[in-house]
Every structure is written in C-alpha cells, then in structure tokens.
Amino acid sequence: MSKTGRPGGAGFAAGLNERQAQAVAAIEGPVLIIAGAGSGKTRVITCRAAAMLEQGIPQSAILALTFTNKAAREMETRVKELTSRKLQNLTTSTFHAFGVKILREEIAALGYRKNFSIYDEADRAELIRQILRELGREGAADPRALGQVFSQVKTGCLAWGDGADPSFEAVYEEYQESLKVFNALDFDDLLAKPIALFESRPDILDKYRRRFRYIMVDEFQDTSAVQYRLMRLLADRNVCVVGDDDQSIYSWRGANYENIQRFERDFPGALEIKLEQNYRSTATILEAANGVIAHNTKRKEKTLWSGGAGGKPISLYTFPGEGEEAAFIALEIKKRRLEEGRSYDDFGVLIRTNSLIRHLEEALLAENIPHKISGGTSFFQRTEIKDVLSYLRVAANTDDDVNLLRIINTPRRGIGKTTIAAVSERAKEGNLPLWEAMRSLRYARDALFPEMPGDGCGGIDEFMTLIERWRENLLGKRGLSQKVRALVDEIDYWGYLVSEYRKDEQKARWKFSNIGSLIQSIGVWERDPDNLDPTLYPYLNRISLLSRDDADDGADKGKVNVMTIHASKGLEFPVVFIAGAEDGIIPHARSLEEGEANIEEERRLFYVAITRARDKLVITSCARRRRQQSALDQTPSPFLAEIPAHLVEYGEARNEEPMSAERCFALMKQRFQGR
DNA sequence: GTTCCGTTTTTTTTT
DNA sequence: AAAACGGAAC
C-alpha cells in the first residue's frame with residue numbers, strides 16, 4: 001500500500017511476501033487466491049497486471065473484472081502508477097460495464113439498436129407499475145418487490161411455480177416485451193444478453209476469447225452464478241480469481257461463494273494461494289475481527305495474523321439519540337484531526353443503511369467538515385437530476401417510454417392523464433413505443449385519435465418538436481455541458497421548480513443548484529483528457545452504471561468518507577467509525593425476517609466494517625432512534641458482545657462532548673495563529 | 001381535462 | 001420526510 005510506482009526492473013514487486021510474490025508470478029494457468037481482509041489483495045492483483053505488461057503481454061489481452069466502479073477505477077489508476085504507462089487499451093471494469101461494452105458493439109445481433117437505454121431499479125419498478133395498471137392488476141403486487149422477483153427469475157435463482165408466484169408470469173412476459181419495444185435493457189440484461197449473444201453466436205464469442213487471454217476477477221466471493229457463467233464462457237485457462245468467503249456480503253443479489261468450489265471443479269489443477277498475513281490493521285482490531293467472525297459456522301478456516309502487537313483499544317459509545325451520535329462523531333473527527341495530525345480523508349464513517357446518512361451529513365455540515373457521501377439518496381436518484389437525465393435519455397433513444405413519460409409533462413405543458421391514455425392505447429394496439437404513436441398522431445390525428453383533447457395535442461406537438469430539435473443538437477460532438485445548460489434554460493426548469501415548491505423557495509433553489517452541479521460534473525467529464533469520446537452516448541452509459549457512486553472523484557481528496565458498509569468494501573481508513581451499531585440495524589431486522597440463517601451474512605458485514613480500520617475503531621449506538629415517525633428504544637448490536645472484552649473501552653460520551661468542543665476550539669485557534 | 005392539495009405509505013445492502 | 005395517490009377546484 002505504501003510502496004508504489006518505482007520505475008525500472010521489477011521494482012513494483014519489491015516488498016511482497018513469499019506468497020504474494022508467488023501469486024504475482026503465476027501468470028499462466030488458473031489461479032485461485034484466498035485473500036483475507038487487508039492481506040494486500042489489491043496490491044497483488046495490480047502487481048500481477050503490471051508483471052504481465054512487463055512480460056510483453058499486450059494490454060488489450062488483459063481483462064480485469066471487479067465488483068464496484070470504485071474498485072475498477074482504483075485498480076486502473078494503481079496499475080497506471082506502477083507501470084507509468086497510459087494504458088488506454090487495458091480493460092478494467094465491473095461485470096456490468098463490461099457487458100455494456102460488448103453490447104454497444106454487438107447488440108444488433110440480438111435485434112436491438114445500439115442506442116439502447118439502461119433501466120435501473122426505479123425505472124424497472126415504474127415500468128412494472130404501468131404494466132400492472134394496463135393489465136388491470138394494480139395493487140396486486142408491489143412493483144419494486146415484483147422487480148426483485150423478475151430479477152431472480154432472470155438470473156435463474158427462482159422459477160415460475162418454484163418460489164415465484166406463477167400468476168405474475170404474464171406480467172413478466174409483458175415486461176420483457178416492453179423492454180424490447182423500448183429498446184431498453186435492465187441491469188440483469190447487461191449480463192444475460194452478452195451470455196445469450198455468446199451462446200448463439202460462436203463466431204462473436206471466439207473473437208472475444210481470442211482477445212482476452214488473461215482474465216482476473218476480484219471480489220470473487222461476490223460473483224453471481226450469471227457472472228461466473230460469463231467469465232467461464234470467455235476464459236481459456238489463464239484465469240485468476242481472488243476472493244474471501246468471510247467477506248461475502250452480496251448473497252441477496254445472487255452472489256454465491258460456492259463459485260469458489262465451482263472454480264476448483266472447472267479449472268482442475270488450479271494453483272491455490274492463501275494470503276493470511278494482514279498488513280492493514282493493528283493486532284487489536286484484527287483480534288476483534290477474528291473474535292466476531294469465529295461465530296460463523298459455515299466458513300473456510302483461516303486466521304489472519306499481523307506482524308505487530310497491540311494497538312489502541314476499540315471505543316464503544318452509546319448516545320440518547322441519533323443527533324447526539326452524529327454530533328459526537330463530527331466533533332471527534334475534528335478533535336482527532338487536530339490532536340493526531342490527521343487529514344479529513346483519514347476518516348471513514350460506516351453505516352448499515354443509507355437512511356442513517358442523513359444525520360451524519362447534517363452534523364458534518366454544521367461543523368463545516370468537508371465530507372464525501374457515497375450512497376444515500378444518491379445524487380443521481382434525486383428527482384431534479386432524474387428529470388434532466390430523462391431529457392438526455394429520450395434524446396438518445398426516443399423509444400424509451402419510461403423516461404419519456406417522466407418528462408412528457410415536466411415542466412407542465414398540458415399533457416394530462418387523458419391525453420397520455422389516448423396515445424398509450426394507440427401504442428399498445430400497434431405494439432409501438434409511445435414516440436411512434438405520437439408521430440402517427442401528428443400526421444393522422446383525426447382518423448386515429450377522435451377523442452384526443454385539443455390542448456393535449458398541442459402539448460404533444462410542442463414536446464416532440466422540442467425533443468427533435470435537441471436530439472440533433474445533443475448528439476453533436478462538442479460542448480455537451482453547455483448544451484444541457486441551454487436545454488434546462490429553454491424548458492425553464494427553474495420556473496417549474498418555483499411553481500412546484502412555491503411554499504419553499506429554499507428547496508427550489510437547492511434543487512436547481514443540484515442541476516448546476518450535474519452540469520458542472522458533465523463539464524469535468526468532457527474536459528478529461530483521458531476521455532476519448534465526450535459525447536452523449538458514452539456519458540449516459542457511464543451515468544447509468546454509476547448511479548450509486550459519486551459524481552466527481554477529482555475533488556475528493558481531503559474529505560471525510562461517509563458510506564454504507566457495502567460500499568466500503570475494499571477500502572481502508574486509519575480511523576473508522578461504525579455508527580448505528582444497534583440490534584435491528586446491524587443484524588438488520590429485515591434481513592433476519594427472511595431467514596435466521598442471514599445472521600451469518602450480517603456478521604460478515606460487521607466483520608468487513610471492522611477490518612476497514614487501520615489504527616483506531618470507534619463504534620457508536622443510540623438508546624433511542626427515530627424510525628419512520630415515532631422514536632423506538634434500541635439495544636446495542638449483539639455483535640458487540642462478540643468482540644473480546646479486553647479489547648474494548650467504554651467511552652463517557654456525556655462528559656467528553658462539551659469538553660472536546662472547547663478543546664477543539666482552542667486547538668483550532670492555536671493552529672490558526674500558527675499560520 | 002388538468003392542476004392543486006391533503007392524505008397515505010414507506011426504507012437493506014448495489015450493478 | 002418524501003413521493004405517490006385520490007378527490008376537489010379550476
């Protein structure tokens with residue numbers, strides 16, 4: 001982690017331990033690396049990639065698959081640093097992004113057009129809601145939950161009549177058909193379609209197999225059966241997978257750590273390497289983590305050990321409510337930054353659920369602490385952002401009904417329920433996307449739409465003209481961000497916000513400023529010299545797969561990191577706070593409802609959280625917490641009792657808080673005067 | 001027909 | 001607390 005980019009010779013391999021070096025050297029043939037938390041896994045993978053390049057393997061032959069965008073980006077930059085090369089042909093991406101890459105090239109073979117839209121979970125739920133309504137089965141199921149069922153069917157985890165209620169099969173068929181008509185794919189399709197493509201077109205598969213002769217898969221314990229299949233199709237024999245069954249935290253998404261056994265079966269004679277030496281955390285933190293994870297019964301036996309001894313005790317605090325908890329964390333960060341000479345990005349605040357982010361954000365804001373939040377109501381999920389992006393999506397693919405419906409009357413242009421119903425009727429008859437139906441309305445209004453209200457018709461014409469004009473403009477080569485700004489101006493989104501939130505101008509202003517940040521981030525993206533094609537399609541691709549990630553990463557240095565435990569995987573921080581360590585949150589109540597066995601996954605989650613810490617771990621919980629409207633009494637997480645007692649120190653939060661505030665002020669003053 | 005306003009429901013984790 | 005829905009006003 002500390003030794004990077006020493007050019008010349010095998011400099012990048014210096015300081016590897018014996019097993020790590022063995023993993024780096026094993027380039028030919030299948031390799032399975034079982035890597036405990038903090039065992040230098042990322043370093044091994046990046047060194048391995050660098051070693052390949054050094055041996056003269058062309059970058060285009062290497063495919064490195066990871067689980068999150070963050071991990072993919074991290075790997076790419078590290079390999080670049082190690083080799084001091086530009087590496088524009090090296091493929092490091094998530095499985096989903098890789099699927100998109102293939103489909104943008106090859107999807108015509110499956111009868112779709114290249115400009116397909118990608119539907120996220122919200123889009124999917126919206127489409128399902130429409131279909132339920134059309135089929136007269138509104139309220140028969142929660143569209144979001146049904147979407148999850150569809151996903152499980154698509155990935156082969158459930159079958160109709162076997163776990164999935166067969167009465168919804170017709171809805172599913174309709175859903176699939178609609179996606180096709182809209183030229184849209186959902187997230188599962190991003191993996192399923194490449195597989196379908198490869199299985200039906202051996203010639204295309206062969207092209208990619210010949211290209212990607214060296215494949216690496218990170219976070220292998222989190223790959224799903226579908227992802228495994230995709231990898232299996234592409235892989236010849238030079239495959240290296242890296243995983244840790246103790247960090248498997250995505251089983252709810254079909255992740256299957258049995259893939260590790262499947263790999264051993266499918267690639268006989270694979271070299272197996274276990275990395276058990278931890279370079280990240282103090283002995284105290286490690287012992288705590290081991291103590292917790294030992295309570296799991298189903299796991300590969302392995303013990304992390306570290307060279308050093310001791311370390312600061314793990315601090316536990318309990319607060320009356322979430323406000324106090326958040327305020328404490330904010331002040332504690334301030335204090336430790338000054339006293340221990342740390343920078344803000346040395347701190348990570350981890351939580352189980354996104355809903356807990358809110359209070360933390362407020363407290364950090366109140367204390368003026370720069371911070372970066374990944375997750376939460378992610379930036380790209382905000383209504384105003386989705387509205388603007390829907391305009392871009394529709395411009396890119398006019399057949400995208402879900403996004404079209406989102407904006408057809410936003411801002412209001414007199415297109416209401418009745419008008420939309422009339423057009424939908426026509427679209428359904430002809431099995432057409434709405435856009436085509438509207439087009440026919442323009443040319444044959446009287447014959448086809450006798451019941452169409454006059455102003456609705458005018459609104460549609462206005463809308464179509466707007467989109468057509470902007471479509472050409474937005475697809476052009478330069479200046480995407482300026483064009484988006486002009487579009488937002490032309491539709492007078494600001495006026496719309498003011499009228500929508502007339503009681504709350506603050507809010508309107510806040511929302512509009514979010515659009516400003518969006519436009520700014522587009523600008524940053526298009527000016528990036530590494531970005532070879534700064535046009536609309538690649539932008540939308542990127543954005544669709546980035547929904548949960550942060551908009552810009554350039555300005556992230558020097559900020560406190562707030563994120564879910566899931567999002568923190570693969571990262572490390574000198575100081576880690578785990579907030580909301582309460583029963584019902586860290587073993588999440590919803591998760592246990594689904595089955596008592598989920599306690600093991602929840603424990604792994606807690607284990608992942610602990611092992612993010614390098615130096616100091618602080619765990620906080622509340623006695624009362626507002627859930628929905630009423631406050632509920634909370635008890636601390638049962639996992640806390642699994643941490644060996646001698647490693648723990650109970651903080652006196654009440655006394656410390658006001659004191660540290662003053663102290664902090666004094667220290668700040670000192671620092672200020674010092675400059 | 002469209003818009004406005006007050007009521008209800010909801011939140012586990014991510015590509 | 002924010003979005004989605006249903007009924008009343010325009």
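Each chain gets a letter, A, B and so on, in the order its sequence line appears, and its residues count up from 1.
No contact: A/Phe95 has no heavy atom under 4.0 Å from any strand. Base contact: A/Glu121 has a heavy atom under 4.0 Å from a base atom. Residue contacts shown for A/Asn409 are limited to sugar-phosphate atoms, with no base heavy atom under 4.0 Å away. Within 4.0 Å (heavy atoms only), A/Arg352 reaches at least one base atom of the nucleic acid.
Considering only side-chain N and O atoms, A/Arg382 lies nowhere under 4.0 angstrom from the phosphate OP1 or OP2 of C/dA2. Put simply, A/Thr419 has a side-chain N or O that comes within less than 4.0 Å of OP1 or OP2 on B/dT2. Listed pair A/Asn354 / B/dT13 meets the phosphate criterion, a side-chain N or O lying under 4.0 Å from OP1 or OP2. For A/Arg129 and C/dC5, the shortest distance from a side-chain N or O to OP1 or OP2 is below 4.0 Å. Note on A/Ser544: every side-chain N or O is 4.0 Å or more away from OP1 and OP2 of B/dT15. Within the 4.0 Å cut-off from OP1 or OP2 of B/dT12, not a single side-chain nitrogen or oxygen of A/Ser355 is found.
Of the residues near DNA chain B, A/Arg590 and A/Arg124, the one whose nearest nucleotide (by heavy atom distance) lies more toward the 5' end is A/Arg590. Nearer the 5' end of DNA chain C, as judged by each residue's closest nucleotide, is the contact made by A/Lys507, out of A/Arg133 and A/Lys507. If A/His588 and A/Lys417 are placed on DNA chain B by their nearest nucleotide, the residue sitting closer to the 5' end is A/Lys417.
We find that A/Glu500 and A/Arg412 are joined by a salt bridge, their nearest charged nitrogen and carboxylate oxygen being less than 4.0 Å apart. Look at A/Lys154 and A/Asp189 and you find a salt bridge, because one of the NZ, NE, NH1 or NH2 atoms lies within 4.0 Å of a carboxylate O, short of that distance. Salt bridge status for A/Arg624 with A/Asp633: present, with a side-chain N to carboxylate O gap under 4.0 Å. Comment: A/Asp123 engages A/Lys386 in a salt bridge, judged by a side-chain N to carboxylate O separation of less than 4.0 angstrom. One finds a salt bridge joining A/Asp246 and A/Arg299 here, because a Lys/Arg side-chain nitrogen approaches an Asp/Glu carboxylate oxygen to under 4.0 Å. Using a cut-off of 4.0 Å between Lys/Arg side-chain N and Asp/Glu carboxylate O, A/Glu361 and A/Lys372 are scored as not salt-bridged.
Which of B/dT14, B/dT3, B/dG1 sits closest to the side chain of A/Tyr250 comes down to B/dT14. Of the candidate nucleotides C/dA1, C/dA3, B/dT12, C/dA3 has the atom nearest to the side chain of A/Thr383.
The CG atom of A/Leu592 sits 12 Å away from the P atom of B/dT12 (whole-angstrom rounding). Whole-Å rounding puts the A/Met563 CE to B/dT14 C1' distance at 14 Å. Atom CZ in A/Phe606 sits roughly 17 Å away from atom C1' in B/dT12 (whole-Å rounding). In this structure, NE2 of A/His566 is placed 13 Å from C1' of B/dT15, rounded to the nearest angstrom. Straight-line distance from the CG atom of A/Leu356 to the P atom of B/dT13: 9 Å, rounded to whole Å. We find that CD of A/Glu126 is positioned 8 Å from P of C/dC5, with the value rounded to whole Å. Distance A/Leu350 CG to B/dT13 P: 14 Å, rounded to the nearest Å. Rounded to an integer number of Å, the gap from A/Trp510 CH2 to C/dA1 C1' is 15 Å.
In this view, A/Glu602 and A/Arg352, A/Pro587, A/His588, A/Ser591, A/Leu605, A/Phe639 satisfy the side-chain contact (heavy atoms from CB on, under 4.5 Å) rule, not counting sequence neighbours.
Judged by distance alone, with hydrogens and angles left aside, A/His96 brings a side-chain donor or acceptor within reach of the base of B/dT15, the pair sitting under 3.5 Å.
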query = Using Watson-Crick and G-U wobble pairs whose two distances are both under 3.5 Å, how do you write the pairing of DNA chain B as dot-bracket, with | for links to another strand?
reply = ||||||||||.....
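Ring pair A/Tyr208/A/Phe198 is tilted by interplanar angle, where 30° to 60° counts as tilted.
There is no side-chain donor-acceptor pair under 3.5 Å between A/Asn403 and A/Tyr119.
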